[in-house]
Amino acid sequence: MKDVTLVLEDGTRFEGKSFGYDAPVAGEVVFNTAMMGYPESLTDPSYAGQLMTLTYPLVGNYGVPRFSIEENGLPTFMESDRIYASAIIVSDYSEKYSHWNACESLDDWLKREKVPGVTGIDTRQLTKVLREHGVMMGRLEFSENSENSENSEFSDYGSINWVDRVSCKEILRYNEGAGKKVVLVDCGVKANIIRCLINRGVEVIRVPWNYDYTQMEFDGLFLANGPGDPDRCEDAVNIIRKQMSQSRKPICGICMGNQLLAKAGGAQIYKLKYGHRSHNQPVREVGTNRCYVTSQNHGYAVDGSTLGREWRELFVNMNDGSNEGIRHQTNPWFSSQFHPEACSGPVDTEFMFDRFIEAL
């Protein structure tokens, strides 16, 4: 293991040891408080451009599952086709692993995908710094420059359209001929979102984030999750507005989809100080006493006070009061900021897919 230093943009430094692929990288440093799920998190496109810090101290002890593709074209155990996080930062990396489903170590997987890992860092202290200051850019510096990589500099995470980088480039179809058709706007969609729709007997037409689907034949519109600042996705917002102006077809959104739908409804977006990235975010359904434990991964939020007159908040976060979903008062348009499909995480709110299917 080589010596590696995490340098934050405010000058704070954390010394550690490398595992995985030795390459200096830069990105937005964020933290995730989930106790498990690193294969799913690393392959979640919403982590594109970020250095993912896991607060759970022991990581790697259950290895990595085999990358296999199901008949429906979706990966069985991952959330996409590759690792999207720029790096993973942990307190204690377990070189030995044991799990019925594991076929390789986290170290081997990272090397194969050319993604660096850092262990031996005080992730509790790093998390405190990020909570007090807010998420910030950071970079990994190696004591010896790797021959396979280039030096990396700080850049402005929010200035990049990450959705454009991770979205599909052509139309993809799943479960063809299954009945009702759902257009899924791919902003960086997780595989389990598509799976949850397929399992409910609909055909899924996956289109690029800025594709104009308004002239297509379909029964419902689904807006997927994705990375980065939704204000960079004005093309997608304009197409949603166009769709809403000419049709009452059901619309459902998740995470980035919630923010894009809210923007189409006139709301404004702001950046959270350190985001919500965990399996244990409590949310309450507005107008009820029903609370749910949810899985989340986002750094931006909807300002509920800026919603148009025909819109209402559907869920709110019980920790900080931030918006967790919206609904239209008369049309079947609604969304959640959290992940109902949750993989990995709790499945308390998978009923959101049922509500969408019932509305078709």
Side-chain angles (χ1 to χ4, degrees), residues 4-20 25-61 79 83-94 106 110 115-140 154 157-158 162 190 225 227-229 255-256 270-282 293-301 317 319-320 322 324 337-339 342 344-346:
V4 60
T5 304
L6 170 66
V7 183
L8 302 181
E9 64 177 287
D10 68 350
T12 305
R13 301 172 70 90
F14 292 87
E15 306 293 335
K17 296 289 186 179
S18 72
F19 68 100
V25 296
E28 185 178 53
V29 184
V30 301
F31 64 88
N32 184 320
T33 62
M35 295 177 64
M36 56 173 289
Y38 55 83
E40 294 90 345
S41 293
L42 284 169
T43 55
D44 180 354
S46 291
Y47 276 111
Q50 294 178 326
L51 311 186
M52 182 174 70
T53 302
L54 300 184
T55 61
Y56 190 70
L58 182 62
V59 177
N61 57 312
E79 286 301 314
I83 295 176
Y84 278 89
S86 295
I88 182 172
I89 301 168
V90 303
S91 174
D92 185 8
Y93 167 63
S94 176
L106 175 58
L110 292 174
V115 176
V118 183
T119 184
I121 280 183
D122 186 348
T123 52
R124 288 171 60 113
Q125 179 60 29
L126 174 56
T127 300
K128 286 182 179 180
V129 170
L130 296 177
R131 283 176 61 92
E132 292 172 5
H133 180 281
V135 295
M136 61 183 107
M137 298 301 294
R139 66 170 177 259
L140 300 183
F154 291 132
Y157 176 83
W162 291 103
K190 292 171 63 181
N225 65 292
D229 187 350
C255 199
M256 172 69 77
Y270 66 97
K271 187 166 186 175
L272 294 165
K273 185 175 182 180
Y274 45 81
H276 298 155
R277 298 174 182 89
S278 65
H279 288 167
N280 59 352
Q281 289 286 331
V293 178
T294 66
S295 177
Q296 301 193 18
N297 176 18
H298 62 102
Y300 296 81
N317 189 290
N319 285 334
D320 60 13
S322 61
E324 292 286 356
Q337 186 60 58
F338 51 86
H339 282 268
S344 61

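For the single chain, residues carry numbers from 1 onward in sequence order.
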Within-4.5 Å side-chain heavy-atom neighbours: Leu42 and Tyr47: no
Expected output: side-chain Lys190 to main-chain Thr43 donor-acceptor under 3.5 Å: no
To the nearest 0.5 Å, what is the distance between OG (Ser322) and NE2 (His298)? 6.0 Å
Only one of Asp320, Asn319, Thr33 clears side chain to side chain donor-acceptor pair (under 3.5 Å) with His276; which? Asp320
Could you check whether any side-chain heavy atom of Leu51 comes within less than 4.5 Å of a side-chain heavy atom of Val118, counting everything from C-beta outward? no
Output for pair (Phe19 CZ, Ser94 OG), nearest 0.5 Å, gives 10.5 Å
Nearest heavy-atom approach of Thr123 to Thr55 is OG1-O, 4.1 Å
Got a donor-acceptor contact below 3.5 angstrom from the Glu9 side chain to the Met137 backbone? yes
Which residue is it: Asn32, Asp44, Asn225? I am looking for the one with a side chain to side chain donor-acceptor pair (under 3.5 Å) to Asn297. Asp44
Nearest heavy-atom approach of Val25 to Ser86 is CG2-O, 3.9 Å
For Gly49 and Trp162, work out which heavy atoms get closest and say how close. CA-CH2, 3.5 Å
Does the Thr119 side chain pair with the main chain of Tyr93, one donor and one acceptor, at a distance under 3.5 Å? yes
Which atom of Ser18 lies closest to which atom of Val4, heavy atoms considered: N-CG1, 3.7 Å
State which residue, out of Glu324, His279, Arg277, fulfils the side chain to side chain contact (heavy atoms under 4.5 Å, CB included) condition with Gln296. Glu324
If every non-hydrogen atom of Val293 is compared with every non-hydrogen atom of Pro346, which pair is closest and at what distance? O-CG, 3.4 Å
Heavy-atom pair of closest approach, residues Ser295 and Ser344: OG-O, 3.5 Å
Quick check: are there more than 12 heavy atoms from other residues, nucleotides or ligands sitting under 6.0 Å from NZ of Lys128? no
So, does Asn317 use its side chain to make a donor-acceptor pair with the main chain of Gln281 at under 3.5 Å? no
Atom CE of Met35: over 12 foreign heavy atoms under 6.0 Å: no
Mind checking the CZ-CG spacing from Phe14 to Leu126? Nearest 0.5 Å is all I need. 4.5 Å
For Gly228, is there any backbone N or O sitting under 3.5 Å from a side-chain donor or acceptor partner on Tyr157? yes
